[in-house]
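Just so we're clear, the structure is a prediction, and the values are computed from it rather than from any experiment.
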Amino acid sequence: MANIAVERKHTNGNFTYGVYLVDVYALGTKNTFWDFNTPISIYEKLRQGPDFVEIDYNLAHNIIYGGNEYAEEHG
């Protein structure tokens, strides 16, 4: 299982983010939520957690889509 958060800061200082719960070896993306143009940074909240690890966007993308592809291939 992987919890992945992707965030982008807008020029107005607000944020758009998506959070994904990915079952990498079985079901793919199990749950997701997002918010658009909000003043709250999900990154700052998650960063305070004990298991937060910052990764490259491409790796986050590959975990999400790779988990989904694995689930589709294995029914």
Side-chain angles (χ1 to χ4, degrees):
M1 299 293 270
N3 285 301
I4 306 224
V6 179
E7 178 178 89
R8 175 169 288 173
K9 187 173 185 179
H10 296 277
T11 56
N12 65 3
N14 288 346
F15 301 89
T16 292
Y17 62 83
V19 180
Y20 306 86
L21 174 60
V22 182
D23 185 346
V24 180
Y25 293 113
L27 302 174
T29 302
K30 294 181 57 137
N31 198 5
T32 185
F33 66 92
W34 58 273
D35 204 351
F36 176 75
N37 203 26
T38 179
I40 300 167
S41 169
I42 196 75
Y43 173 79
E44 291 301 323
K45 287 185 175 187
L46 293 175
R47 192 172 149 166
Q48 296 170 7
D51 297 329
F52 181 83
V53 176
E54 188 173 345
I55 61 173
D56 184 68
Y57 171 79
N58 289 328
L59 178 55
H61 176 276
N62 290 339
I63 292 170
I64 295 166
Y65 283 92
N68 290 341
E69 286 179 22
Y70 183 90
E72 288 177 9
E73 290 174 5
H74 294 88

### Summary
The reported gap from CG in Asn14 to NZ in Lys9 (rounded to nearest 0.5 angstrom) is 9.5 Å
### Minimum heavy-atom distance Ala26-Ala71, with the two atoms named
O-CB, 3.2 Å
### Within 6.0 Å of OH in Tyr65, more than 12 heavy atoms from elsewhere
no
### Task
State, to 0.1 Å, how close Ile63 and Val22 come at their nearest heavy-atom pair, and which atoms those are.
O-CG1, 3.8 Å
### Query
When clusters are formed by joining ILVMFWY residues with side-chain heavy atoms under 4.5 Å apart, either directly or through shared neighbours, do Trp34 and Val6 land in the same one?
no
### Task
Flag yes if Tyr25 and Tyr20 sit in one hydrophobic cluster, no otherwise; membership is Ile, Leu, Val, Met, Phe, Trp, Tyr, and two members link when side-chain heavy atoms are under 4.5 Å apart.
yes
### Task
Apply the test side chain to side chain contact (heavy atoms under 4.5 Å, CB included) to residues Phe33 and Tyr17: give CA-CA distance (whole Å), side-chain angles for both, the deciding distance (0.1 Å), then the verdict.
CA-CA 8 Å; Phe33 66 92; Tyr17 62 83; 3.9 Å; yes
### Task
Work out which heavy atom in Val24 is nearest to a heavy atom in Tyr70; give both atom names and the distance.
O-CD2, 3.8 Å
### Query
According to a 4.5 Å side-chain heavy-atom criterion applied to Ile, Leu, Val, Met, Phe, Trp and Tyr, with indirect links allowed, do Ile64 and Tyr57 form part of one hydrophobic cluster?
yes
### Message
Just verifying a value: how many Å separate Phe15 CZ and His10 NE2, rounded to the nearest 0.5 Å?
### Response
9.0 Å
### Message
One pair to check against side chain to side chain contact (heavy atoms under 4.5 Å, CB included): Leu21 and Asn3. What are the steps and the verdict?
### Response
CA-CA 5 Å; Leu21 174 60; Asn3 285 301; 3.3 Å; yes
#### Entry: Spatial distance of atom CD1 (Ile4) from atom NE2 (His61) [nearest 0.5 Å]
11.0 Å
### Query
Looking only at heavy atoms, which two atoms of Ile42 and Glu7 are closest? And how far apart?
N-OE2, 2.9 Å
